[in-house]
Amino acid sequence: VATYSGLAYAYCRANRVSEALQLLTDMKAAGLQPNVVTYNMVIDGCGKAGEMDTALELVEKMRGEGTEPSVVTYNILMAGFGKAGRMTDAERLFDQMEQAKCAPNTVTHNSYIHGLCKFASLEAAFAHMEQARQKDFVPDAVTYTIFLDALSKAGKMDTAFQMFQEMRKGSHVPNVFTYNVLITGFSKAGKLEEACKLFQDMEKAGCAQNQITYNITAGALVKAGKIDLAMEMFEDMKRKGCSPNTVTYNTLIDGLGKEDRVDKALLLFQEMWKTGCAPDTVTYNALIHGLSRAGQVKKALQVFAGMKQQGCSPDVITYNCLINGLGKVGDLTEAYRLLGEMKRKGFTPDAFTYSAIISSIGTRGNADEAYGYYEEMKARGGVPDVFVYAALVNKLAKAGDLDRAHEVFQEMKSNGCEPT
RNA sequence: CAACCUACCUUUGAAGA
(Lines give C-alpha, C1' and ligand atoms only; values in the text may rest on other atoms or scores of the structure.)
Protein backbone atom coordinates (compact mmCIF):
# COMPACT_ATOMS: atom_id res chain seq x y z
CA VAL A 1 0.00 0.00 0.00
CA ALA A 2 2.84 2.36 0.87
CA THR A 3 4.48 1.76 -2.48
CA TYR A 4 1.34 2.51 -4.41
CA SER A 5 0.61 5.53 -2.24
CA GLY A 6 4.04 6.95 -2.84
CA LEU A 7 3.68 6.51 -6.54
CA ALA A 8 0.22 8.05 -6.56
CA TYR A 9 1.64 11.01 -4.68
CA ALA A 10 4.42 11.43 -7.20
CA TYR A 11 1.93 11.42 -10.04
CA CYS A 12 -0.18 14.04 -8.34
CA ARG A 13 2.81 16.29 -7.70
CA ALA A 14 3.64 16.01 -11.36
CA ASN A 15 0.10 17.05 -12.24
CA ARG A 16 -0.64 13.66 -13.70
CA VAL A 17 -3.91 13.06 -11.95
CA SER A 18 -5.34 10.63 -14.47
CA GLU A 19 -2.42 8.31 -13.94
CA ALA A 20 -2.87 8.53 -10.20
CA LEU A 21 -6.52 7.61 -10.64
CA GLN A 22 -5.51 4.65 -12.76
CA LEU A 23 -3.19 3.59 -10.00
CA LEU A 24 -6.05 3.39 -7.53
CA THR A 25 -7.79 1.00 -9.86
CA ASP A 26 -4.64 -1.06 -10.29
CA MET A 27 -4.21 -1.27 -6.55
CA LYS A 28 -7.60 -2.75 -6.09
CA ALA A 29 -7.01 -5.16 -8.95
CA ALA A 30 -3.91 -6.30 -7.10
CA GLY A 31 -6.05 -6.95 -4.06
CA LEU A 32 -4.81 -3.98 -2.07
CA GLN A 33 -7.18 -1.56 -0.41
CA PRO A 34 -6.12 2.09 -0.56
CA ASN A 35 -6.35 3.80 2.82
CA VAL A 36 -7.33 7.38 3.72
CA VAL A 37 -3.87 8.69 3.16
CA THR A 38 -3.70 7.19 -0.32
CA TYR A 39 -7.06 8.67 -1.14
CA ASN A 40 -6.14 12.02 0.34
CA MET A 41 -3.11 12.28 -1.85
CA VAL A 42 -5.10 11.62 -4.99
CA ILE A 43 -8.00 13.81 -3.90
CA ASP A 44 -5.54 16.59 -3.29
CA GLY A 45 -4.09 16.07 -6.74
CA CYS A 46 -7.57 16.52 -8.22
CA GLY A 47 -8.22 19.59 -6.12
CA LYS A 48 -4.96 21.22 -7.15
CA ALA A 49 -5.73 20.48 -10.77
CA GLY A 50 -9.03 22.28 -10.34
CA GLU A 51 -11.02 19.07 -10.73
CA MET A 52 -13.18 19.46 -7.69
CA ASP A 53 -15.93 17.28 -9.03
CA THR A 54 -13.59 14.36 -9.50
CA ALA A 55 -12.32 15.02 -5.99
CA LEU A 56 -15.84 14.82 -4.59
CA GLU A 57 -16.55 11.63 -6.49
CA LEU A 58 -13.46 10.08 -4.97
CA VAL A 59 -14.58 10.99 -1.49
CA GLU A 60 -17.87 9.24 -2.15
CA LYS A 61 -16.13 6.22 -3.55
CA MET A 62 -13.91 6.04 -0.51
CA ARG A 63 -16.94 6.24 1.75
CA GLY A 64 -18.58 3.50 -0.24
CA GLU A 65 -15.61 1.32 0.54
CA GLY A 66 -16.09 1.90 4.21
CA THR A 67 -13.27 4.38 4.68
CA GLU A 68 -14.34 7.57 6.41
CA PRO A 69 -12.78 10.89 5.39
CA SER A 70 -10.31 12.39 7.87
CA VAL A 71 -9.75 16.06 8.79
CA VAL A 72 -7.12 16.16 6.11
CA THR A 73 -9.71 15.05 3.55
CA TYR A 74 -11.98 17.87 4.60
CA ASN A 75 -9.09 20.29 4.59
CA ILE A 76 -8.24 19.32 1.06
CA LEU A 77 -11.81 19.97 -0.02
CA MET A 78 -11.85 23.26 1.87
CA ALA A 79 -8.73 24.44 0.09
CA GLY A 80 -10.12 23.30 -3.25
CA PHE A 81 -13.42 25.11 -2.79
CA GLY A 82 -11.57 28.15 -1.56
CA LYS A 83 -9.42 28.29 -4.67
CA ALA A 84 -12.40 27.79 -6.95
CA GLY A 85 -14.37 30.51 -5.23
CA ARG A 86 -17.05 28.02 -4.23
CA MET A 87 -17.53 29.59 -0.84
CA THR A 88 -21.03 28.27 -0.28
CA ASP A 89 -19.75 24.74 -0.68
CA ALA A 90 -16.88 25.60 1.61
CA GLU A 91 -19.24 26.83 4.28
CA ARG A 92 -21.34 23.69 3.97
CA LEU A 93 -18.27 21.61 4.69
CA PHE A 94 -18.32 22.79 8.29
CA ASP A 95 -21.79 21.32 8.69
CA GLN A 96 -20.75 18.09 7.08
CA MET A 97 -17.80 17.88 9.42
CA GLU A 98 -20.01 18.41 12.41
CA GLN A 99 -22.31 15.64 11.28
CA ALA A 100 -19.33 13.38 10.82
CA LYS A 101 -18.06 14.39 14.26
CA CYS A 102 -14.86 15.60 12.71
CA ALA A 103 -13.52 18.72 14.37
CA PRO A 104 -12.06 21.43 12.13
CA ASN A 105 -8.45 22.27 12.90
CA THR A 106 -6.20 25.25 12.21
CA VAL A 107 -5.66 24.21 8.62
CA THR A 108 -9.41 23.99 8.02
CA HIS A 109 -9.95 27.52 9.28
CA ASN A 110 -6.95 28.93 7.52
CA SER A 111 -8.07 27.50 4.20
CA TYR A 112 -11.55 28.89 4.66
CA ILE A 113 -10.21 32.28 5.68
CA HIS A 114 -8.02 32.33 2.62
CA GLY A 115 -11.02 31.67 0.41
CA LEU A 116 -13.01 34.40 2.10
CA CYS A 117 -10.21 36.90 1.66
CA LYS A 118 -10.03 36.14 -2.00
CA PHE A 119 -13.67 35.80 -2.94
CA ALA A 120 -15.71 37.48 -0.24
CA SER A 121 -14.07 40.19 1.80
CA LEU A 122 -11.50 40.82 4.45
CA GLU A 123 -14.35 41.65 6.78
CA ALA A 124 -15.99 38.29 6.24
CA ALA A 125 -12.66 36.61 6.87
CA PHE A 126 -12.12 38.54 10.09
CA ALA A 127 -15.62 37.72 11.20
CA HIS A 128 -15.00 34.04 10.68
CA MET A 129 -11.78 34.20 12.61
CA GLU A 130 -13.45 35.89 15.57
CA GLN A 131 -16.25 33.41 15.54
CA ALA A 132 -13.90 30.43 15.37
CA ARG A 133 -11.85 31.93 18.19
CA GLN A 134 -14.86 31.58 20.47
CA LYS A 135 -14.47 27.88 20.03
CA ASP A 136 -10.92 26.64 20.01
CA PHE A 137 -9.27 28.19 17.01
CA VAL A 138 -5.93 29.82 17.68
CA PRO A 139 -4.61 31.84 14.75
CA ASP A 140 -1.07 30.96 13.80
CA ALA A 141 1.63 32.43 11.59
CA VAL A 142 -0.18 31.11 8.52
CA THR A 143 -3.38 32.88 9.53
CA TYR A 144 -1.49 36.13 9.86
CA THR A 145 0.26 35.64 6.58
CA ILE A 146 -3.05 35.08 4.82
CA PHE A 147 -4.40 38.35 6.17
CA LEU A 148 -1.19 40.18 5.44
CA ASP A 149 -1.31 38.94 1.89
CA ALA A 150 -4.90 40.07 1.44
CA LEU A 151 -4.12 43.48 2.90
CA SER A 152 -1.05 43.80 0.70
CA LYS A 153 -2.98 42.91 -2.40
CA ALA A 154 -5.56 45.53 -1.48
CA GLY A 155 -2.79 48.08 -1.17
CA LYS A 156 -3.45 48.59 2.53
CA MET A 157 0.15 48.54 3.61
CA ASP A 158 -0.33 50.66 6.70
CA THR A 159 -2.79 48.21 8.14
CA ALA A 160 -0.63 45.32 7.02
CA PHE A 161 2.44 46.64 8.72
CA GLN A 162 0.48 47.33 11.86
CA MET A 163 -0.74 43.77 11.89
CA PHE A 164 2.80 42.55 11.31
CA GLN A 165 3.91 44.38 14.46
CA GLU A 166 1.03 42.92 16.43
CA MET A 167 1.97 39.52 15.21
CA ARG A 168 5.46 39.84 16.57
CA LYS A 169 4.23 41.27 19.84
CA GLY A 170 2.22 38.11 20.23
CA SER A 171 4.36 35.02 20.18
CA HIS A 172 4.06 34.51 16.46
CA VAL A 173 7.26 34.26 14.54
CA PRO A 174 7.08 35.64 11.01
CA ASN A 175 8.51 33.21 8.50
CA VAL A 176 9.73 33.48 4.90
CA PHE A 177 6.18 33.52 3.61
CA THR A 178 5.31 36.41 5.88
CA TYR A 179 8.25 38.47 4.72
CA ASN A 180 7.68 37.57 1.10
CA VAL A 181 4.08 38.71 1.28
CA LEU A 182 5.01 42.03 2.81
CA ILE A 183 7.86 42.69 0.44
CA THR A 184 5.46 42.10 -2.45
CA GLY A 185 2.95 44.47 -0.92
CA PHE A 186 5.44 47.28 -0.45
CA SER A 187 6.78 46.76 -3.92
CA LYS A 188 3.31 46.98 -5.46
CA ALA A 189 2.61 50.11 -3.46
CA GLY A 190 5.75 51.64 -4.91
CA LYS A 191 7.54 51.62 -1.57
CA LEU A 192 10.89 50.24 -2.58
CA GLU A 193 12.64 51.48 0.55
CA GLU A 194 10.36 49.56 2.85
CA ALA A 195 10.58 46.48 0.68
CA CYS A 196 14.36 46.47 0.76
CA LYS A 197 14.37 47.16 4.47
CA LEU A 198 12.34 44.02 5.09
CA PHE A 199 14.68 42.03 2.91
CA GLN A 200 17.52 43.08 5.18
CA ASP A 201 15.50 42.60 8.35
CA MET A 202 15.14 38.97 7.47
CA GLU A 203 18.79 38.33 8.06
CA LYS A 204 18.68 39.94 11.47
CA ALA A 205 15.60 37.94 12.31
CA GLY A 206 17.38 34.76 11.34
CA CYS A 207 14.96 34.11 8.56
CA ALA A 208 16.74 32.91 5.45
CA GLN A 209 15.66 34.43 2.15
CA ASN A 210 14.63 31.91 -0.41
CA GLN A 211 14.32 31.82 -4.17
CA ILE A 212 10.95 33.52 -4.01
CA THR A 213 12.27 36.30 -1.80
CA TYR A 214 14.93 37.02 -4.38
CA ASN A 215 12.43 36.91 -7.20
CA ILE A 216 10.13 39.32 -5.43
CA THR A 217 12.89 41.72 -4.54
CA ALA A 218 14.36 41.64 -8.02
CA GLY A 219 10.85 42.34 -9.29
CA ALA A 220 10.53 45.26 -6.90
CA LEU A 221 13.74 46.74 -8.27
CA VAL A 222 12.56 46.19 -11.83
CA LYS A 223 9.31 47.95 -11.09
CA ALA A 224 11.21 50.90 -9.68
CA GLY A 225 13.24 51.09 -12.87
CA LYS A 226 16.42 49.89 -11.18
CA ILE A 227 17.25 47.08 -13.51
CA ASP A 228 20.95 47.22 -12.73
CA LEU A 229 20.28 46.61 -9.07
CA ALA A 230 17.96 43.80 -10.01
CA MET A 231 20.76 42.22 -12.00
CA GLU A 232 23.03 42.58 -9.00
CA MET A 233 20.45 40.85 -6.87
CA PHE A 234 20.45 38.05 -9.42
CA GLU A 235 24.21 37.64 -9.01
CA ASP A 236 23.86 37.84 -5.26
CA MET A 237 21.29 35.14 -5.31
CA LYS A 238 23.58 32.77 -7.15
CA ARG A 239 26.48 33.65 -4.89
CA LYS A 240 24.42 32.70 -1.88
CA GLY A 241 23.69 29.31 -3.37
CA CYS A 242 20.12 30.05 -4.22
CA SER A 243 19.40 28.95 -7.76
CA PRO A 244 17.38 31.13 -10.08
CA ASN A 245 14.34 29.57 -11.63
CA THR A 246 12.21 30.35 -14.65
CA VAL A 247 10.36 33.08 -12.77
CA THR A 248 13.66 34.77 -11.92
CA TYR A 249 14.62 34.88 -15.56
CA ASN A 250 11.17 35.99 -16.60
CA THR A 251 11.29 38.90 -14.19
CA LEU A 252 14.64 40.08 -15.48
CA ILE A 253 13.87 39.55 -19.14
CA ASP A 254 10.76 41.60 -18.69
CA GLY A 255 12.65 44.31 -16.81
CA LEU A 256 15.37 44.53 -19.43
CA GLY A 257 12.79 44.75 -22.19
CA LYS A 258 11.05 47.60 -20.46
CA GLU A 259 14.30 49.48 -20.09
CA ASP A 260 14.89 49.06 -23.83
CA ARG A 261 17.68 46.57 -23.35
CA VAL A 262 16.29 43.68 -25.34
CA ASP A 263 19.76 42.69 -26.42
CA LYS A 264 20.63 41.86 -22.85
CA ALA A 265 17.27 40.17 -22.45
CA LEU A 266 18.09 37.92 -25.37
CA LEU A 267 21.37 37.00 -23.71
CA LEU A 268 19.57 35.98 -20.55
CA PHE A 269 17.18 33.99 -22.64
CA GLN A 270 20.10 32.04 -24.11
CA GLU A 271 21.49 31.54 -20.65
CA MET A 272 18.32 29.87 -19.47
CA TRP A 273 18.90 26.86 -21.66
CA LYS A 274 22.34 26.31 -20.20
CA THR A 275 21.15 26.52 -16.64
CA GLY A 276 18.33 24.08 -17.12
CA CYS A 277 15.61 26.64 -16.63
CA ALA A 278 13.12 25.94 -19.36
CA PRO A 279 11.59 29.06 -20.88
CA ASP A 280 7.83 29.00 -20.56
CA THR A 281 5.00 30.97 -22.11
CA VAL A 282 5.66 33.89 -19.80
CA THR A 283 9.32 33.98 -20.84
CA TYR A 284 8.40 34.14 -24.50
CA ASN A 285 5.69 36.69 -23.88
CA ALA A 286 8.04 38.98 -22.00
CA LEU A 287 10.65 38.69 -24.70
CA ILE A 288 8.18 39.20 -27.54
CA HIS A 289 6.79 42.19 -25.73
CA GLY A 290 10.25 43.69 -25.30
CA LEU A 291 11.07 43.19 -28.95
CA SER A 292 7.73 44.57 -30.06
CA ARG A 293 8.05 47.71 -28.07
CA ALA A 294 11.53 48.21 -29.42
CA GLY A 295 10.02 48.04 -32.88
CA GLN A 296 11.87 44.81 -33.66
CA VAL A 297 8.80 43.03 -34.92
CA LYS A 298 10.70 40.80 -37.31
CA LYS A 299 12.73 39.45 -34.45
CA ALA A 300 9.61 39.11 -32.33
CA LEU A 301 8.05 36.95 -35.01
CA GLN A 302 11.17 34.82 -35.13
CA VAL A 303 10.99 34.27 -31.41
CA PHE A 304 7.34 33.42 -31.81
CA ALA A 305 8.23 30.80 -34.40
CA GLY A 306 10.91 29.41 -32.11
CA MET A 307 8.41 29.24 -29.31
CA LYS A 308 6.11 27.02 -31.30
CA GLN A 309 9.02 24.93 -32.49
CA GLN A 310 9.99 24.28 -28.88
CA GLY A 311 6.52 23.06 -28.15
CA CYS A 312 5.70 25.99 -25.92
CA SER A 313 2.11 27.07 -26.47
CA PRO A 314 1.35 30.70 -27.18
CA ASP A 315 -1.57 32.20 -25.32
CA VAL A 316 -3.77 35.24 -25.76
CA ILE A 317 -1.07 37.46 -24.32
CA THR A 318 1.44 36.24 -26.89
CA TYR A 319 -0.88 37.17 -29.72
CA ASN A 320 -1.78 40.48 -28.13
CA CYS A 321 1.85 41.50 -27.84
CA LEU A 322 2.52 40.64 -31.44
CA ILE A 323 -0.61 42.27 -32.79
CA ASN A 324 0.15 45.36 -30.79
CA GLY A 325 3.72 45.51 -32.05
CA LEU A 326 2.71 44.93 -35.63
CA GLY A 327 0.01 47.55 -35.41
CA LYS A 328 2.49 50.11 -34.18
CA VAL A 329 4.85 49.63 -37.06
CA GLY A 330 1.93 49.59 -39.46
CA ASP A 331 2.16 45.98 -40.57
CA LEU A 332 -1.57 45.45 -40.62
CA THR A 333 -1.47 42.51 -42.96
CA GLU A 334 0.52 40.46 -40.52
CA ALA A 335 -1.52 41.73 -37.59
CA TYR A 336 -4.75 40.54 -39.20
CA ARG A 337 -3.18 37.26 -40.12
CA LEU A 338 -2.34 36.68 -36.47
CA LEU A 339 -5.80 37.71 -35.39
CA GLY A 340 -7.14 35.07 -37.73
CA GLU A 341 -4.67 32.52 -36.47
CA MET A 342 -5.56 33.06 -32.87
CA LYS A 343 -9.25 32.67 -33.60
CA ARG A 344 -8.61 29.54 -35.61
CA LYS A 345 -6.70 28.08 -32.70
CA GLY A 346 -9.64 28.65 -30.45
CA PHE A 347 -8.37 31.65 -28.52
CA THR A 348 -10.85 34.35 -27.67
CA PRO A 349 -9.54 37.77 -28.57
CA ASP A 350 -10.05 40.03 -25.56
CA ALA A 351 -10.18 43.74 -24.87
CA PHE A 352 -6.41 43.98 -25.28
CA THR A 353 -6.65 42.43 -28.72
CA TYR A 354 -9.43 44.64 -29.95
CA SER A 355 -8.01 47.84 -28.60
CA ALA A 356 -4.75 47.03 -30.38
CA ILE A 357 -6.55 46.19 -33.61
CA ILE A 358 -8.78 49.23 -33.53
CA SER A 359 -5.91 51.57 -32.75
CA SER A 360 -3.81 50.12 -35.52
CA ILE A 361 -6.33 50.78 -38.24
CA GLY A 362 -5.10 53.61 -40.44
CA THR A 363 -6.23 57.08 -39.59
CA ARG A 364 -8.02 57.95 -42.79
CA GLY A 365 -11.46 56.80 -43.64
CA ASN A 366 -11.50 53.48 -41.85
CA ALA A 367 -14.06 54.33 -39.24
CA ASP A 368 -16.39 51.63 -40.47
CA GLU A 369 -13.76 49.00 -40.12
CA ALA A 370 -12.97 50.07 -36.59
CA TYR A 371 -16.62 50.05 -35.73
CA GLY A 372 -16.92 46.63 -37.31
CA TYR A 373 -14.35 45.20 -34.90
CA TYR A 374 -16.19 46.74 -32.02
CA GLU A 375 -19.37 45.00 -33.12
CA GLU A 376 -17.53 41.78 -33.69
CA MET A 377 -16.21 41.92 -30.19
CA LYS A 378 -19.66 42.34 -28.72
CA ALA A 379 -21.06 39.64 -30.99
CA ARG A 380 -18.46 37.23 -29.67
CA GLY A 381 -19.55 37.96 -26.15
CA GLY A 382 -16.62 40.21 -25.33
CA VAL A 383 -16.96 43.13 -22.97
CA PRO A 384 -15.39 46.30 -24.32
CA ASP A 385 -13.49 48.27 -21.70
CA VAL A 386 -12.21 51.83 -21.46
CA PHE A 387 -9.31 51.13 -23.77
CA VAL A 388 -11.48 49.72 -26.51
CA TYR A 389 -13.90 52.62 -26.25
CA ALA A 390 -11.10 55.15 -26.18
CA ALA A 391 -9.51 53.69 -29.28
CA LEU A 392 -12.81 53.59 -31.08
CA VAL A 393 -13.99 57.06 -30.12
CA ASN A 394 -10.63 58.36 -31.17
CA LYS A 395 -10.76 56.66 -34.51
CA LEU A 396 -14.31 57.81 -35.20
CA ALA A 397 -13.56 61.35 -34.14
CA LYS A 398 -10.48 61.56 -36.34
CA ALA A 399 -12.46 60.24 -39.27
CA GLY A 400 -14.90 63.06 -38.74
CA ASP A 401 -17.73 60.76 -37.79
CA LEU A 402 -18.65 62.82 -34.78
CA ASP A 403 -22.20 61.55 -34.51
CA ARG A 404 -21.15 57.99 -34.15
CA ALA A 405 -18.29 58.95 -31.86
CA HIS A 406 -20.75 60.62 -29.58
CA GLU A 407 -23.09 57.67 -29.74
CA VAL A 408 -20.32 55.26 -28.74
CA PHE A 409 -19.27 57.63 -26.02
CA GLN A 410 -22.76 57.49 -24.54
CA GLU A 411 -22.82 53.74 -24.87
CA MET A 412 -19.58 53.55 -22.99
CA LYS A 413 -20.97 55.51 -20.09
CA SER A 414 -24.12 53.49 -19.97
CA ASN A 415 -21.96 50.39 -19.82
CA GLY A 416 -20.37 51.66 -16.68
CA CYS A 417 -17.12 52.83 -18.22
CA GLU A 418 -15.99 56.18 -16.99
CA PRO A 419 -14.08 58.36 -19.38
CA THR A 420 -10.60 59.09 -18.13
C1' C B 1 6.36 4.70 14.19
C1' A B 2 6.21 7.03 9.43
C1' A B 3 3.70 8.84 4.42
C1' C B 4 -1.37 13.09 2.93
C1' C B 5 -3.91 19.09 3.87
C1' U B 6 -3.54 25.70 4.50
C1' A B 7 -0.25 31.24 3.21
C1' C B 8 4.29 34.03 -0.88
C1' C B 9 6.94 35.62 -6.81
C1' U B 10 7.01 36.77 -13.19
C1' U B 11 4.28 38.48 -18.99
C1' U B 12 0.00 42.11 -22.97
C1' G B 13 -3.10 48.49 -23.62
C1' A B 14 -5.18 53.74 -26.44
C1' A B 15 -5.00 58.91 -26.53
C1' G B 16 -3.28 63.19 -24.09
C1' A B 17 -0.19 66.39 -21.30
Side-chain angles (χ1 to χ4, degrees), chain A residues 1-2 5-6 8-9 12 35-45 47-48 70-80 82 105-115 117 140-150 152 175-185 187 210-220 222 245-255 257 280-290 292-293 315-325 350-356 358-360 385-395 397-398 420:
Chain A
V1 178
S5 301
Y9 184 60
C12 291
N35 62 19
V36 219
V37 176
T38 319
Y39 268 109
N40 284 346
M41 295 190 298
V42 183
I43 294 169
D44 186 42
K48 295 234 160 75
S70 66
V71 217
V72 174
T73 318
Y74 287 108
N75 290 347
I76 289 166
L77 295 178
M78 188 63 88
N105 63 16
T106 314
V107 176
T108 324
H109 289 296
N110 285 344
S111 301
Y112 185 58
I113 289 172
H114 186 219
C117 282
D140 63 359
V142 176
T143 321
Y144 275 101
T145 305
I146 291 169
F147 278 115
L148 290 174
D149 181 42
S152 295
N175 59 25
V176 214
F177 283 74
T178 321
Y179 282 103
N180 287 349
V181 157
L182 287 172
I183 296 175
T184 308
S187 160
N210 63 14
Q211 193 181 51
I212 296 187
T213 318
Y214 279 103
N215 290 350
I216 294 168
T217 313
V222 162
N245 64 4
T246 302
V247 174
T248 320
Y249 281 101
N250 292 351
T251 305
L252 295 169
I253 288 174
D254 172 53
D280 62 6
T281 305
V282 175
T283 317
Y284 283 104
N285 289 351
L287 197 55
I288 288 171
H289 176 241
S292 291
R293 39 168 283 136
D315 62 7
V316 185
I317 298 182
T318 319
Y319 284 100
N320 288 350
C321 291
L322 286 167
I323 291 173
N324 200 31
D350 61 10
F352 284 80
T353 323
Y354 284 104
S355 84
I358 293 174
S359 327
S360 72
D385 66 2
V386 222
F387 292 96
V388 175
Y389 282 116
L392 183 57
V393 169
N394 227 287
K395 205 57 51 178
K398 280 204 180 127
T420 52

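In what follows, chains are A, B, ... by sequence order, proteins preceding strands, each numbered from 1.
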ring-ring contact (aromatic ring centres under 6.0 Å, His included) involving [X] - partner list, sequence neighbours excluded:
{"X": "A/Tyr112", "value": "A/Phe94, A/His128"}
{"X": "A/Tyr354", "value": "none"}
{"X": "A/Tyr249", "value": "A/Phe234"}

Please list, pair by pair, any protein nitrogen or oxygen found under 3.5 Å from a nitrogen or oxygen in nucleotides 15-17 of chain B.
unit_1	atom_1	unit_2	atom_2	d
B/rA15	O2'	A/Asn394	ND2	3.4

Looking at [options], which one has an atom nearest to any side-chain atom of [X]?
{"X": "A/Asn35", "options": "B/rC8, B/rA3, B/rG13", "value": "B/rA3"}
{"X": "A/Thr251", "options": "B/rA14, B/rU12, B/rU10", "value": "B/rU10"}
{"X": "A/Val388", "options": "B/rU10, B/rG13, B/rA14", "value": "B/rG13"}

Just how far, in rounded Å, is [atom2] of [N] from [atom1] of [X]?
{"X": "A/Asn245", "N": "B/rC9", "atom1": "CG", "atom2": "C1'", "value": "8 Å"}
{"X": "A/Met78", "N": "B/rA7", "atom1": "CE", "atom2": "P", "value": "13 Å"}
{"X": "A/Asn324", "N": "B/rU11", "atom1": "CG", "atom2": "P", "value": "16 Å"}
{"X": "A/Phe177", "N": "B/rC8", "atom1": "CZ", "atom2": "C1'", "value": "6 Å"}
{"X": "A/Leu322", "N": "B/rU11", "atom1": "CG", "atom2": "P", "value": "18 Å"}
{"X": "A/Asp315", "N": "B/rU12", "atom1": "CG", "atom2": "P", "value": "12 Å"}
{"X": "A/Asn210", "N": "B/rA7", "atom1": "CG", "atom2": "P", "value": "15 Å"}

Single hit among A/Val42, A/Ile43, A/Val36 for side chain to side chain contact (heavy atoms under 4.5 Å, CB included) with A/Tyr39: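 Among A/Val42, A/Ile43, A/Val36, the one that satisfies the side chain to side chain contact (heavy atoms under 4.5 Å, CB included) with A/Tyr39 is A/Ile43.
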
Can you tell which of A/Asn40, A/Asp44, A/Asn110, A/Asn105 makes a side chain to side chain contact (heavy atoms under 4.5 Å, CB included) with A/Asn75?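 With A/Asn75 as partner, A/Asn40, A/Asp44, A/Asn110, A/Asn105 yield a single side chain to side chain contact (heavy atoms under 4.5 Å, CB included), made by A/Asn105.
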
Does any donor atom in the side chain of A/Asp140 or A/Thr143 lie under 3.5 Å from an acceptor atom in the other side chain?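 Note: A/Asp140 and A/Thr143 side chains meet the donor-acceptor criterion.
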
Decide whether A/Thr184 and A/Ser187 meet the rule of one side-chain donor and one side-chain acceptor closer than 3.5 Å.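 No - no donor-acceptor pair under 3.5 Å links their side chains.
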
Does the ring of A/Phe387 meet both stacking tests against the six-membered base ring of B/rA14: centre distance under 5.5 Å and plane angle under 30°?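 According to the criterion (under 5.5 Å, under 30°), no, A/Phe387 does not stack.
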
Quiz item: A/Asn180 side-chain donor-acceptor pair to B/rA7 base, under 3.5 Å: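 Looking at the base of B/rA7, it does not pair with any donor or acceptor on the side chain of A/Asn180 (distance under 3.5 Å).
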
Base B/rG13 paired with A/Asp385 side chain (donor-acceptor, <3.5 Å):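 Donor-acceptor pair under 3.5 Å: yes.
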
Name all stems that contain residues of RNA chain B, defined as runs of 3 or more consecutive Watson-Crick or G-U wobble pairs, both distances under 3.5 Å.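 As far as RNA chain B goes, consecutive pairing (with distances under 3.5 Å) yields no stem.
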
At under 4.0 Å between heavy atoms, what does [X] touch on the DNA or RNA strands: base, sugar-phosphate, or nothing?
{"X": "A/Ala390", "result": "base"}
{"X": "A/Ala218", "result": "nothing"}
{"X": "A/Val316", "result": "nothing"}

Which one of A/Asn250, A/Thr251, A/Thr246, A/Asn245 satisfies the side chain to side chain donor-acceptor pair (under 3.5 Å) criterion with A/Asn215?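 For A/Asn215, the side chain to side chain donor-acceptor pair (under 3.5 Å) check succeeds only for A/Asn245.
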
Could you pull out the protein-nucleic contacts involving nucleotides 4-6 of chain B (nitrogen or oxygen on both sides, under 3.5 Å)?
unit_1	atom_1	unit_2	atom_2	d
B/rC4	O2	A/Asn40	ND2	2.6
B/rC5	O2	A/Asn75	ND2	2.5
B/rU6	OP1	A/Lys48	NZ	2.9
B/rU6	O4'	A/Ser111	OG	3.3
B/rU6	O2	A/Asn110	ND2	3.0

